[in-house]
Amino acid sequence: MLNVKEIRKDFPMCVKQDAGNGKVYLDNAATTFKPYSVIEAVTRYYTDESVNIHRGDYDLSYQVSDEYEQTRKTVARFLNCEEREVIFTSGASASLNLFAYGWAQKFLKKGDVILSSEAEHASNILPLMKAAELTGATIEYIPLTEEGELTIEAFKGAMHDKVKLVSIAHISNVLGFVHPIKELTKITHEYGAIISVDGAQSVPHIKTDVKDWDIDFLSFSAHKMLGPTGVGVLFGKYALLDQMDAFMLGGGNNARFDICGNIQLKNPPFKFEAGTPAIEAVLGLKAAILYLEKVGMDEIEAYEHELKTYAVSQLKDLKNVILYNPHAGTGIITFNVEGIFAQDTAIYLNSKGLMVRAGNHCAKILVEVIKTSETVRASVSFYNTKEEVDRLVDALRTITLEQCIDLSIM
Amino acid sequence: MLNVKEIRKDFPMCVKQDAGNGKVYLDNAATTFKPYSVIEAVTRYYTDESVNIHRGDYDLSYQVSDEYEQTRKTVARFLNCEEREVIFTSGASASLNLFAYGWAQKFLKKGDVILSSEAEHASNILPLMKAAELTGATIEYIPLTEEGELTIEAFKGAMHDKVKLVSIAHISNVLGFVHPIKELTKITHEYGAIISVDGAQSVPHIKTDVKDWDIDFLSFSAHKMLGPTGVGVLFGKYALLDQMDAFMLGGGNNARFDICGNIQLKNPPFKFEAGTPAIEAVLGLKAAILYLEKVGMDEIEAYEHELKTYAVSQLKDLKNVILYNPHAGTGIITFNVEGIFAQDTAIYLNSKGLMVRAGNHCAKILVEVIKTSETVRASVSFYNTKEEVDRLVDALRTITLEQCIDLSIM
Amino acid sequence: MSDYLKDPQIHREIIMDHYQHPRNHHLSDDKTYHKAHMASESCIDDLTVMMKIDKGLISDVCFDGVGCTISTASTSILTDLIKGKTLEEAKSIINSYYAMIDLKELNEDLLQEAVAFQNVGKQANRIKCATIGFKAIEQMIKEEETHD
Amino acid sequence: MSDYLKDPQIHREIIMDHYQHPRNHHLSDDKTYHKAHMASESCIDDLTVMMKIDKGLISDVCFDGVGCTISTASTSILTDLIKGKTLEEAKSIINSYYAMIDLKELNEDLLQEAVAFQNVGKQANRIKCATIGFKAIEQMIKEEETHD
Ligand SMILES: Cc1ncc(COP(=O)(O)O)c(C=O)c1O
Ligand SMILES: Cc1ncc(COP(=O)(O)O)c(C=O)c1O
């Protein structure tokens, strides 16, 4: 069982809260706090090894290049894939764009179908919309349940021979449902299609095993899993990466080129990594993964689910609160207060020290499913406590529209 | 006059050297050391304000969003442009790819000519080669002098009516010549073409004034100017940015979209910034610029030139050293040792604590101009000293092929 | 200033009223209307404002969309304020409003119920909400003027 | 081991000699040759190695390009070692060489002059240089074997 009290000592932001600054952070789906070990990995780069990588001309450069590649090893172990299947990008959005450009734009053609869902993040669906527009492919949406969940039955019903690409989030950032990726992948492959998984909300919160699931691509960001911003990963099966086009060209991704325009690109993953990467952020990502592994992904999942269940059980009793996803399995709680606009609720909660997010959470087309244009999202991490959930519940118990207005005009 | 001794106290890497670790860093064109103020800006984000940006739902997010935008203001002042003309990217390579995709691929057509030089970095020329291939445009190269310099006369001779885009580095990373950007821009505009400047090596070392020069685009990286890796800038004149296509799509760059694929993108610069950016790196970039401004760009340029001149005066006397760019105006010294392969020289220098780079420096087509396939590059920064240059000269005075071999096989 | 307009209690009531019963809360099919769609970048407001201009006079103005209390109420009050006014009058109302938001000056004659927002400028993160409708009107006036 | 092969002085001379006068240093126009282009990712070596295989026998091998002392000399020595050998013999030479580089085992009978590199494995950043030619030959042997 996970020891939250001890864990909180590893996070400077939590240490400050516990020292009494009165704040409660419940916007973990947007980004997470960083443990000291990650901060140290980043600053160690600045203070001890502030040089560029990918060259062996001097010891320090060789050493940093090696540490950079060690992160790739660590990521590969964490995902259960090969090292050469791990591409470092500048974030999940960049990973998803690279995939859409390098694979979807290249291999889709008129008449092909991309199967996706209405709960996708803009960073997943927009690049696909563009790929569809450019190739003449079309996007079809798997119907979701009333609560916004994607079921295997609905998926089977939506799947057909023209589908060449399935692209969905493993966990939706709005509603927090865990989709049955392994089953979806099996069905996808039976139809000869490939599957690209948006793991931005799943990799930080549940155990990933790309080999067991047999998925073809996976995108995620370091900053949502205790790591620095500015770095993300695209995993792809090597054979697929090998066929894929590079999104960016430049220093580092070409082995040789000449004046006639003959370019010889390196092999994956280097082919996709052009220019100086986010070196210290990559080193920080390694520290983040080591921290997550130490706590244990299964423990993290169980505890976050416990927190969520606890929150739901409390919030259910408040008559003024509308809960949209009581049954979702992860730490995302999506709600509204009757008669109060989501943003006003968020600002009221802010006045109580509670940090949550109002919005459509970049899944703007979802409104047509859950039938509300804006929601409040509280999202927990394993460093959150039941007492913090209580703070949220207490604040929501007494919220009024008048108070919300007063906060802005006084 | 710049006080190097005091300046070195601001850089932890220099502090360690001065405390006696025996190292000399002369690979500043690859990346630079970071002053404490930059490290503090980055760690402050982790310890005090570790939340996501671009939302005003709670105070801390509002505060960090504001600091993020303050960096844009700072960059705009540093370049002398408008705030909305500053796009944050993941680095110079990303800026150059964004330009090549968003402008060159969109506006060039068959028969158009891109005018460039053979001294360009891969990150500048490769995306243009691709744009040329896709649009049917062709690339022509301005002939360089024997030393590899680009002169106005040569430029005038190469310019003609079909040229729609001029793309060159303000300072070449191999030879360190400062090109007459203002004059080149004037001529470019007389022909109705636009100019995209690769400023990766110039923005860190000489004063930039995009308004005075009237250039259309400028790309550079933070990590070569005391800032973090993972962040760069694309400056573009607003009217041009407004016409340009977004390279990446996703969270943050769209105002709204719907299920039919109607996407409403934000205005520049936000249109080009998809997904969670490198927040702490952007905050670090601000600190880096403030540091550079405090020292003074004119002082930096003068001092680095002085160091270079000093190095050249010493190296000229060594019979075994071939200098390729004695007349270049910046702190890049490109040379070889007679009979010793560049990489062996670098490894020998490494054994003496000197960090330099061997290679073709990503300007692989340049070999056809300076007629040597590989060179050693020592590049100084304003925190380097004459004593450090002496260390380089002393090491080169006594280098032998035998010693180089022994270093590898003993 | 009349007591009525100083009382925070009254301010709140004005805003409540305009949030719960926004005035001119519909859109028009009339193609001769100007139209501005405002989707705020930092919050989730998404409003469309429409305006008909006849010989320099604002003959109609209306809006729809989703917005928080502050953006909805301020836009509602604005539509009341400028309907039937000339473009010049509307511009001075908008400028007075900005001056108030900047905590510089309070012109209660021009601003009327809009004085309810006299302190919103102290909450930097609500300024965008409190001005979204004004920005829309400003944009449409500029459009009209440059097409003349 | 014979003294000759223990003396670092001799190692250096072997490498100097092969660097300054590389053996089999040319390319062939013959299309029946296998060809491997190796451009190292971490250093600036850029070598092309070619090899002709006749009925399981390496009848010719040659190389060209730019490289540091270590990559040039090691490739030169390798070409001398495997010319005229069978693919199996070449493979055991390559494997012995890797074992030496890994600082595991030194088979001087097979490696001959290549023992000059017996300590290069201690310099992690030179391993790529010291094996670039071997990787090329290995790749071409694999190619030949899978096409059989
Ligand atoms: C499901 C999902 N996909 C993609 C993203 C984009 O991640 P980033 O902003 O780090 O690029 C997010 C984060 O907001 C997300 O929640
Ligand atoms: C002239 C020039 N352009 C572009 C780049 C690419 O910069 P980055 O690697 O930071 O993307 C470099 C750096 O190597 C450079 O020297």
Heavy-atom neighbours of Lys85(D) NZ exceed 12 at 6.0 Å: yes
Lys16(B), NZ: over 12 other non-hydrogen atoms inside 6.0 angstrom: yes
Part of Gln9(D) lying under 4.5 Å from any heavy atom of chain B: neither
Atom group of Ala130(D) that falls short of 4.5 Å from chain B, counting heavy atoms: neither
Any donor-acceptor pair under 3.5 Å from Asp344(B) side chain to Cys68(D) backbone: no
At what distance, to the nearest 0.5 angstrom, does [atom1] of [X] lie from [atom2] of [Y]?
X	Y	atom1	atom2	result
Tyr19(D)	Ile405(B)	OH	CD1	8.5 Å
Ile15(D)	Glu402(B)	CD1	CD	11.5 Å
Arg126(D)	Gln343(B)	CZ	CD	5.5 Å
Arg12(D)	Ser408(B)	CZ	OG	12.0 Å
Asp406(B)	His11(D)	CG	NE2	11.0 Å
Leu401(B)	Met16(D)	CG	CE	4.5 Å

Sub-4.5 Å side-chain heavy-atom contact between Ile340(B) and Thr69(D): no
Close side-chain approach of Phe341(B) and Val66(D), heavy atoms under 4.5 Å: yes
Structural part of Leu407(B) lying under 4.5 Å from a heavy atom of chain D: backbone
